[in-house]
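Just so it is clear, the model here is predicted, and its values are computed rather than measured.
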Amino acid sequence: MALDQDAIYLGVPDQLTTGAVSTADPKAIPIKDINDGTFTARTVLDDKWTASGYITDAGITLSQSRSTSSLKDWSGAAVRTLLDEFTGTISYAEMQTDKVTMERMVGANNVKFFEANSEHGDQMAVGIGPELPPSRSYVFSMKDGDRRMRIYVPNGQVTSVADAAFVNNAAVAWNFTVSCSDDGTGHSIYILTDDGQVVVASAPNAGE
């Protein structure tokens, strides 16, 4: 394999004007848009998507888990390995305690929001209980110079929220684990890249 620096990506968030994590209704992007290159690492997200604010410096973690079993012959020798289960998850922590983050954590039905008026600022009442928030589509956008990388989860659900610490020397962070479900094609996570190296068409020779 040839050495190629353009194939080395840093996981820097792409958030010039907004958050690098965005969510929308499940399966917001048709599968054909992934396969034909309509939706890419550079596609500008439209107003169907809701962007997050700050993410902690731990970034995001994509985990893949495969459990397998061995198929054995009459003698007991393993002759083939079978995949029993695949699980894909993405973990990250949001640093803002706002309506977007709370709705991701507990679902919109469990967040009551009251806009600021002359008597109080923006207020929330967040109810936490034994239920999961609805599934959402997730996009995690990253940039590295001219390079772009994007992780797209068509159908993700927050299934775990780690302990939140309230201390005087650190921001309150909400640590989510997003479980990624099959989108109907056998895939639950897509990694999209663009190395930023565009091809410039050569100018025609004089007289042609």
Side-chain angles (χ1 to χ4, degrees), residues 1-66 83 85-96 100-101 103-105 133-160 174-201:
M1 180 180 296
L3 299 177
D4 184 3
Q5 289 185 340
D6 295 327
I8 300 173
Y9 291 79
L10 301 180
V12 181
D14 188 0
Q15 56 182 35
L16 290 179
T17 58
T18 187
V21 179
S22 295
T23 53
D25 288 336
K27 301 182 180 178
I29 305 298
I31 299 303
K32 69 175 183 63
D33 287 2
I34 300 291
N35 293 330
D36 67 14
T38 301
F39 182 73
T40 73
R42 292 185 184 273
T43 301
V44 177
L45 302 180
D46 59 26
D47 57 9
K48 293 184 298 185
W49 293 87
T50 301
S52 73
Y54 288 109
I55 306 301
T56 66
D57 61 2
I60 66 172
T61 300
L62 190 161
S63 301
Q64 303 176 56
S65 175
R66 292 174 172 84
L83 177 66
E85 183 180 12
F86 169 81
T87 303
T89 61
I90 294 178
S91 302
Y92 74 102
E94 302 200 11
M95 291 178 67
Q96 295 186 196
V100 171
T101 296
E103 287 184 350
R104 285 179 181 164
M105 183 173 73
S135 297
R136 305 285 287 166
S137 287
Y138 283 78
V139 161
F140 302 85
S141 299
M142 290 159 277
K143 66 178 177 121
D144 175 16
D146 291 331
R147 302 171 187 83
R148 296 292 184 274
M149 178 177 286
R150 175 169 279 169
I151 298 175
Y152 170 53
V153 176
N155 192 2
Q157 187 173 32
V158 173
T159 54
S160 177
W174 306 97
N175 297 267
F176 299 153
T177 295
V178 178
S179 296
C180 309
S181 299
D182 193 321
D183 66 359
T185 71
H187 304 108
S188 56
I189 301 171
Y190 294 86
I191 298 175
L192 309 174
T193 65
D194 185 325
D195 68 6
Q197 302 303 304
V198 299
V199 177
V200 179

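Taking the six-membered ring wherever Trp is involved, the centroid distance between the rings of Phe140 and Tyr92 falls below 6.0 Å.
Side-chain atoms of Arg150 come within 3.5 Å of backbone atoms of Thr43 as a donor-acceptor pair (strictly under, hydrogens ignored). No donor-acceptor distance shorter than 3.5 angstrom exists from the side chain of Thr193 to the backbone of Met149, with no hydrogens or angles considered. For the pair Ser160 (side chain) and Thr177 (backbone), a donor-acceptor distance under 3.5 Å is absent.
Distance check, rounded to the nearest 0.5 Å: CG of Asn155 to CG of Asp183 gives 8.0 Å. To the nearest 0.5 Å, atom CD1 of residue Ile29 and atom CD1 of residue Ile34 are 7.0 Å apart. From Lys48, atom NZ reaches atom OG1 of Thr23 across 13.0 Å, with rounding to the nearest 0.5 Å. Ile189 contributes atom CD1, which lies 4.0 Å from atom SG of Cys180 (distance to the nearest 0.5 angstrom). For the atom pair CD of Glu85 and OG of Ser65, the computed distance is 7.0 Å after rounding to the nearest 0.5 Å. Put simply, CD on Gln5 and CG on Asp195 are 12.5 Å apart, with the number rounded to the nearest 0.5 Å.
Residues forming a salt bridge (Lys or Arg N to Asp or Glu O under 4.0 Å) with Asp194 (at least two apart in sequence, or on another chain): Arg42. Under the rule for a salt bridge (Lys or Arg N to Asp or Glu O under 4.0 Å), the partners of Asp6 that lie at least two apart in sequence or sit in another chain are Arg147. Under the salt bridge (Lys or Arg N to Asp or Glu O under 4.0 Å) criterion, Asp25 pairs with Arg136, not counting sequence neighbours.
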Practice prompt. Start with the C-alpha gap between Trp49 and Val21, add the side-chain angles, then the distance that decides, and say whether side-chain contact (heavy atoms from CB on, under 4.5 Å) holds.
Written response: CA-CA 10 Å; Trp49 293 87; Val21 179; over 6 Å; no
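A heavy-atom distance below 4.5 Å is found between the side chains of Tyr190 and Pro154. Between Trp174 and Thr56, every side-chain heavy-atom pair lies at or beyond the 4.5 Å cut-off. You'll find the side chain of Phe176 reaches within 4.5 Å of the side chain of Arg104, heavy atoms only.
Here the closest non-hydrogen pair linking Ser188 and Asp182 is CB-N, 4.0 Å. Scanning all heavy atoms of the two residues, the minimum distance from Ser137 to Ala28 falls at OG-N, 3.4 Å. Of all non-hydrogen atoms in Ala20 and Ser52, the two that sit nearest each other are N-OG, 4.3 Å. The minimum heavy-atom distance between Leu192 and Ala41, with the atom names listed, is O-CB, 3.6 Å. For Asp144 against Ile8, the heavy-atom pair with the smallest separation is OD2-O, 3.6 Å.
A side-chain donor from one of Glu94 and Thr101 sits under 3.5 Å from a side-chain acceptor of the other.
For the side chain to side chain contact (heavy atoms under 4.5 Å, CB included) criterion with Leu62, the lone passing option out of Val178, Ile151, Val153 is Ile151.
By the neighbour-count criterion of 12 heavy atoms within 6.0 Å, atom OH of Tyr54 is sparsely surrounded, having that number or fewer from other residues, nucleotides or ligands. Atom CG of Asp36 is surrounded by more than 12 heavy atoms from other residues, nucleotides or ligands within 6.0 Å.
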